[in-house]
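Everything quoted here is computed from the prediction, not taken from an experiment. Within every chain, numbering begins at 1; the chains are lettered A, B, ... in the order of the sequence lines, protein sequences first and strands thereafter.
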Number of protein chains: 2
Amino acid sequence: MSECAGQATVFVVDDDEAMRDSIQLLLESVHLSARTFACALDFMKHFEQKQEGCLLLDVRMPGMNGMELLELLKSGGIDLPVVMITGHGDVPLAVRALKHGAFDFIQKPFNAQELLDRVHAALDLDRKNNRRNSEVAQYRALFQALTDREMEVVDLVVAGNSSKMIAKALGISPKTVDIHRANIMRKLNIRSVAEMVQLRLTLLDA
Amino acid sequence: MSECAGQATVFVVDDDEAMRDSIQLLLESVHLSARTFACALDFMKHFEQKQEGCLLLDVRMPGMNGMELLELLKSGGIDLPVVMITGHGDVPLAVRALKHGAFDFIQKPFNAQELLDRVHAALDLDRKNNRRNSEVAQYRALFQALTDREMEVVDLVVAGNSSKMIAKALGISPKTVDIHRANIMRKLNIRSVAEMVQLRLTLLDA
DNA sequence: AAGGCATTAGGTATTTCTACCTATTGGAAT
DNA sequence: ATTCCAATAGGTAGAAATACCTAATGCCTT
């Protein structure tokens with residue numbers, strides 16, 4: 001056991017109190033921190049984007065069901081890995097969940113070790129996502145220091161234009177383009193066009 | 001019906017002859033070209049990577065089963081969209097198939113329209129993949145015209161190095177680096193470092 | 001009103017890149 | 001053997017980019 005999960009939290013949403021408690025006990029028995037919720041709305045009220053971990057989500061619930069919450073989270077850009085749990089073997093439901101971005105889909109009754117394996121896999125994925133996302137967030141912060149005009153210049157440079165071509169495209173002097181370029185390089189803390197292109201592309205397809 | 005599927009083929013692998021025939025009739029009734037196979041090996045013998053379409057694959061078969069074929073195809077880099085078909089609702093099987101890259105997973109007995117909808121969606125995905133892949137293949141062909149030394153220079157340029165730095169890294173004269181760069185630009189048919197970076201990155205994460 | 005910043009632009013100097021030229025060495029193919 | 005090409009490197013020239021400087025205009029905030 002190399003890492004004891006840090007601040008990662010396993011969120012559990014299930015209307016069945018006995019199930020919530022037993023899952024919580026199971027998770028805490030392997031030193032995972034768990035927070036349980038009786039319904040989708042409770043979870044949404046307490047969850048914040050920056051929290052790390054994964055979500056164990058029962059499909060069948062009164063009020064908003066698990067599938068609806070899953071689709072709401074994914075359409076809201078929250079990429080917390082979701083392990084769906086269902087009491088009856090419904091293949092179309094499983095297919096729909098996975099195609100909507102669920103990380104996994106398991107049936108009750110489940111083996112304890114099986115659940116833990118999938119939780120650990122989900123937590124691994126979340127850690128990987130977070131590493132990637134924080135990297136992207138840093139780049140995004142750099143670009144936010146640029147003015148609109150500077151962003152125009154960035155995109156024209158990335159598209160392969162010379163300062164002279166950019167000047168023509170923007171209707172300004174090549175000299176001014178060079179000034180913008182110098183400010184861009186300083187603000188992004190880079191020293192080559194290659195780095196500018198890579199930074200920009202990283203943000204575009206993130 | 002805007003497009004009549006061109007040369008796209010729906011491959012059907014199922015050990016049940018009656019099922020093969022009925023699926024083939026259904027597909028041909030909407031002007032889709034179909035080829036059927038009684039077992040996984042037959043399909044593998046006749047399939048070539050360049051063929052476009054999708055694969056309807058029965059899970060339960062004597063000899064190599066559908067799941068094994070799916071995993072074989074995906075590990076072999078063949079990204080033909082695969083619609084798995086199974087006679088009994090087995091959720092873990094569906095989850096496994098989708099996590100291994102199956103495009104969809106449906107149960108028998110299925111509604112005819114439902115099957116056609118999924119086939120059309122699979123064909124759409126394949127067309128999209130093919131457009132993307134042929135684009136990438138063109139870029140790859142360009143890079144294959146480069147020598148090993150030129151590829152080293154490409155990677156050092158993309159990493160943001162100047163000719164002088166590259167020369168130091170390779171232990172050669174900056175002049176020679178410039179010669180390599182000129183040859184690279186000519187062979188790749190580009191006119192800026194920005195284009196070189198984009199071309200290289202497109203191949204790296206493809 | 002004063003300061004800060006974005007945008008504009010010029011000057012000058014240096015470095016870097018690109019485009020031509022020639023030329024040698026060594027290996028591979030004809 | 002001769003031809004072809006990769007890799008090496010030099011010269012010269014021009015284009016492009018970078019690094020400094022100053023400076024005007026306009027907008028926003030204090």
Under 3.5 Å, side chain of B:Asn161 to main-chain N/O of B:Leu156, donor-acceptor pair present? yes
Rounded to whole Å, how long is the line connecting atom CD1 of A:Ile172 with atom P of D:dG26? 17 Å
Is B:Glu135 paired with B:Arg131 through a side-chain N to carboxylate O contact shorter than 4.0 Å? no
Rounded to the Å, how far apart are B:Met196 CE and C:dT18 C1'? 12 Å
Counting only heavy atoms not in B:Asp148, do more than 12 fall under 6.0 Å of its CG? no
A:Ile190 CD1 - D:dA17 P separation (whole Å): 14 Å
With a sphere of 6.0 Å drawn around CZ of B:Arg149, does it hold more than 12 non-hydrogen atoms of other residues, nucleotides or ligands? yes
For A:Asn65, does its backbone N or O pair with a side-chain atom of A:Glu68 as donor and acceptor, under 3.5 Å? yes
In whole angstroms, how far is the C1' atom of C:dT7 from the CG atom of A:Leu170? 12 Å
Look at the side chain of A:Gln198 and the backbone N and O of B:Val158, then say whether any donor-acceptor pair between them is shorter than 3.5 Å. yes
Taking the six-membered ring for Trp, are B:Phe37 and B:His46 parallel (under 30°), tilted (30 to 60°) or perpendicular (over 60°)? tilted
Close residues, residues 141-154 of chain B, relative to DNA chain D [heavy-atom separation under 4.0 Å]: B:Thr147, B:Arg149
Strictly below 4.0 Å, heavy-atom distances to any atom of DNA chain D: list the hits from residues 175-183 of chain A, or just say none. A:Lys175, A:Asp178, A:Arg181
Between B:Lys168 (NZ) and D:dT8 (C1'), how many Å, whole number? 19 Å
Sidechain N-carboxylate O distance under 4.0 Å for B:Lys175, B:Asp178: no
Between D:dT18 atom C1' and A:Arg186 atom CZ, what is the distance in whole Å? 14 Å
So for the helix from C:dA1-D:dT30 to C:dT30-D:dA1, with five pairs setting each end axis, what is the inter-axis angle to 10°? 40°
Please determine if a side-chain N or O atom of A:Lys164 lies less than 4.0 Å away from the OP1 or OP2 oxygen of D:dA15. no
Charged tip of B:Lys99 within 45° of A:Phe103 ring normal and under 6.0 Å: yes
Here the distance between atom P of D:dA15 and atom CE of A:Met165, to the nearest Å, is 16 Å
Between B:Arg191 and A:Pro174, which is nearer to the 5' end of DNA chain C once each is assigned its nearest nucleotide? A:Pro174
Measure across A:Pro92 and B:Gln107 and return the closest heavy-atom pair with its distance rounded to 0.1 Å. CD-NE2, 3.2 Å
Less than 4.5 Å apart, any side-chain heavy atom of B:Leu188 and any of B:Leu146? yes
Should A:Ser163 be listed as having a side-chain N or O under 4.0 Å from OP1 or OP2 of D:dA17? yes
